[in-house]
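Inspection log for the structure reproduced underneath, given as structure tokens.
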Amino acid sequence: MRDSNAKNHPGVFDTEPPTNLDPSDTDLVDLYDCGSCVYLGRLNASIVSDLISATSDMPDQGPNDIFVIEETLEPPLMPEAVELKAFLREHFDTRGYAILRWFPAQKSK
């Protein structure tokens, strides 16, 4: 699956992800689950920035490839994560967790 998705999404699963949202010229990011090599969709970068901030004190978390379970998106960690929870609902229902990897939104999606 990784090889197939690497072909369909060049640079996403076969290179190191970015670590800083700031230099992007768009307010959107493309979000993937790098654990299952699945494209999840497009989100506002500020939502991902909030997630990065909320999980930055957790062991082994970085600014990308963020391990998330549904409970991560609950208060007090992320009290305003309604949009992110709705976005990930179907993925959580089938998998239970995600290793979120973001990239600045590509115009071709």
If hydrophobic clusters are built by linking Ile, Leu, Val, Met, Phe, Trp and Tyr wherever their side-chain heavy atoms come under 4.5 Å apart, do Phe67 and Leu40 end up in the same one? no

Nearest 0.5 angstrom please: Ile69 CD1 to Leu88 CG, how far? 12.5 Å

First locate atom CG of Asp27, then atom OG of Ser49, and finally report the distance between them rounded to the nearest 0.5 Å. 11.5 Å

Is there a path of hydrophobic side-chain contacts, each under 4.5 Å between heavy atoms of I/L/V/M/F/W/Y residues, joining Phe87 to Leu21? yes

Side chains of Tyr32 and Ile99, heavy atoms from C-beta outward: is any pair under 4.5 Å? no

What's the shortest heavy-atom distance between Cys34 and Asp65, and which atoms? SG-OD1, 3.5 Å

Which heavy atom in Gln61 sits nearest to a heavy atom in Thr55, and how many Å separate them? CB-O, 3.3 Å

If you group Ile, Leu, Val, Met, Phe, Trp and Tyr by side-chain heavy-atom gaps below 4.5 Å, do Met58 and Met78 land in one group? yes

Looking at Val48, Val68, Leu51, which one forms a side chain to side chain contact (heavy atoms under 4.5 Å, CB included) with Leu84? Leu51

Closest non-hydrogen atoms of Asp33 and Phe13, given as atom of the first, atom of the second and distance, are O-CE2, 4.1 Å

Tell me whether Glu83 at atom CD has more than 12 heavy atoms from other residues, nucleotides or ligands lying less than 6.0 Å away. no

Within the 4.5 Å heavy-atom criterion, are Leu43 and Leu28 side-chain neighbours or not? no

Only one of Glu74, Glu71, Glu70 clears salt bridge (Lys or Arg N to Asp or Glu O under 4.0 Å) with Lys85; which? Glu74

So how far is it from Leu31 CG to Leu100 CG, rounded to the nearest 0.5 Å? 5.0 Å

Whether the side chain of Asp30 engages the backbone of Arg42 through a donor-acceptor N/O pair (distance < 3.5 Å, no angle test) should be reported. no

Flag the pair Phe103 / Val29 as yes when at least one side-chain heavy-atom distance between them is below 4.5 Å, and no otherwise. no

How about Phe92 and Tyr97: are their ring centroids closer than 6.0 Å? no

Give me the atom names and distance for the closest heavy-atom approach of Asn64 to Arg101. OD1-CA, 3.1 Å

Considering all heavy atoms, the nearest Pro18-Trp102 contact: CG-CZ3, 3.5 Å

Below 4.5 Å, heavy atoms only, C-beta onward: do Pro63 and Asn20 meet side chain to side chain? no

For Ala81 against Leu73, the heavy-atom pair lying closest together: CB-O, 3.6 Å

